[in-house]
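Excluded from the calculations below are hydrogen atoms, water molecules and symmetry mates; all remaining heavy atoms, backbone and side chain alike, are included. One is the number of the first residue; the rest follow in order along the sequence.
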Amino acid sequence: MNYLAIDYGQKRIGIARSVGSFAEPVSIIHNNAEALKHIAELCAEFQIDEIVSGLSEGQMAEETKVFANELAEKVNLPIHFFDETMSSKEVEKMIRESGKKMKDRGEPIDHYAAAHVLQQFLNELS
């Protein structure tokens, strides 16, 4: 089974995919009019069977569900929602523990957050 994970944000969407039983960060795309098309292309490229969408809380959770439903219609794939509360904070912590400072990275971590959510999802499947 091939999974694609999304970490939805109002400005950026992090993308990760499964490689066997491991999650791999893929890319970050801008959340604009082309986002659904771009994700559909990635689904085709990686022969995705199902999508995992991180789901936070409150208003952001509602926006994520709307986006995920639009995506499901476009790609005709099932979407699983998985709790992503604190996933970005956990990724930031892992980066800090690796000895790198967040400000020195100079780039967003959305794709790492998507990979973190996907890895947790995959771990629960096994």
Side-chain angles (χ1 to χ4, degrees):
M1 190 75 71
N2 293 322
Y3 294 96
L4 186 89
I6 60 172
D7 177 44
Y8 177 83
Q10 293 174 328
K11 294 181 183 180
R12 296 179 305 269
I13 302 169
I15 307 291
R17 71 177 182 134
S18 63
V19 178
S21 60
F22 296 100
E24 173 183 74
V26 173
S27 64
I28 298 170
I29 62 173
H30 294 285
N31 189 352
N32 58 28
E34 297 293 311
L36 290 172
K37 178 183 172 201
H38 189 72
I39 294 171
E41 290 168 352
L42 290 172
C43 287
E45 177 183 345
F46 296 128
Q47 300 177 342
I48 298 302
D49 299 303
E50 297 184 6
I51 296 172
V52 177
S53 175
L55 190 63
S56 59
E57 300 172 331
Q59 180 61 33
M60 200 60 203
E62 295 306 313
E63 289 180 36
T64 301
K65 288 177 185 176
V66 169
F67 180 83
N69 288 331
E70 291 173 4
L71 178 60
E73 288 178 19
K74 182 158 188 78
V75 298
N76 196 29
L77 294 172
I79 296 192
H80 304 275
F81 291 102
F82 196 84
D83 182 20
E84 73 166 9
T85 307
M86 302 300 289
S87 63
S88 293
K89 295 292 182 196
E90 290 175 26
V91 170
E92 289 174 4
K93 180 182 175 192
M94 287 187 282
I95 291 171
R96 277 193 308 278
E97 288 174 354
S98 74
K100 293 188 176 189
K101 294 181 180 178
M102 291 305 297
K103 65 179 182 178
D104 294 338
R105 287 191 40 79
E107 63 184 51
I109 61 166
D110 305 82
H111 55 322
Y112 292 117
H116 182 73
V117 168
L118 181 55
Q119 191 62 60
Q120 289 179 322
F121 176 84
L122 294 171
N123 290 349
E124 284 197 9
L125 287 180
S126 54

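Cluster annotation: Met1 is not connected to Val19 through the hydrophobic network of ILVMFWY side chains, with a link wherever side-chain heavy atoms come within less than 4.5 Å.
Asn32 CG to Lys11 NZ: the interatomic distance, rounded to the nearest 0.5 Å, is 13.5 Å. Taking CG of Asn76 as the reference point, atom SG of Cys43 lies at 11.0 Å (rounded to 0.5 Å). For the atom pair NE2 of His30 and CZ of Arg12, the computed distance is 8.5 Å after rounding to the nearest 0.5 Å. Between the CZ atom of Phe22 and the CZ atom of Arg17 there is a distance of 14.0 Å, given to the nearest 0.5 Å. To the nearest 0.5 Å, the span separating CG on Leu118 from OG on Ser53 amounts to 11.5 Å. With rounding to the nearest 0.5 Å, the separation of CD in Glu41 from NZ in Lys37 is 5.0 Å.
Of all the heavy atoms in Val117 and Gly54, the pair that sits closest is CG1-CA, 4.1 Å. Contact record, Glu24 with Ala115: C-CB, 4.2 Å, taken as the closest heavy-atom pair. Shortest non-hydrogen contact noted between Ala16 and Ala114 is CB-C, 3.7 Å. In terms of heavy-atom proximity, Ala61 sits nearest to Ser56 at CB-O, 3.4 Å.
The side-chain hydrogen bond (donor to acceptor under 3.5 Å, both in side chains) test applied to Glu62 returns no partner, not counting sequence neighbours. For His80, the ring pair (Phe, Tyr, Trp, His ring centres under 6.0 Å) test picks out Phe121, with sequence neighbours left out.
With 3.5 Å as the limit, one finds a donor-acceptor pair spanning the side chains of Gln119 and Asn123.
One N or O on the side chain of Asn2 and one on the backbone of Gln47 form a donor-acceptor pair closer than 3.5 Å.
Counting Ile, Leu, Val, Met, Phe, Trp and Tyr side chains that sit under 4.5 Å apart, directly or through other members, Ile15 shares a hydrophobic cluster with Leu4, Ile6, Tyr8, Ile13, Val26, Ile29, Leu36, Ile39, Leu42, Phe46, Ile48, Ile51, Leu55, Met60, Phe67, Leu71, Val75, Leu77, Ile79, Phe81.
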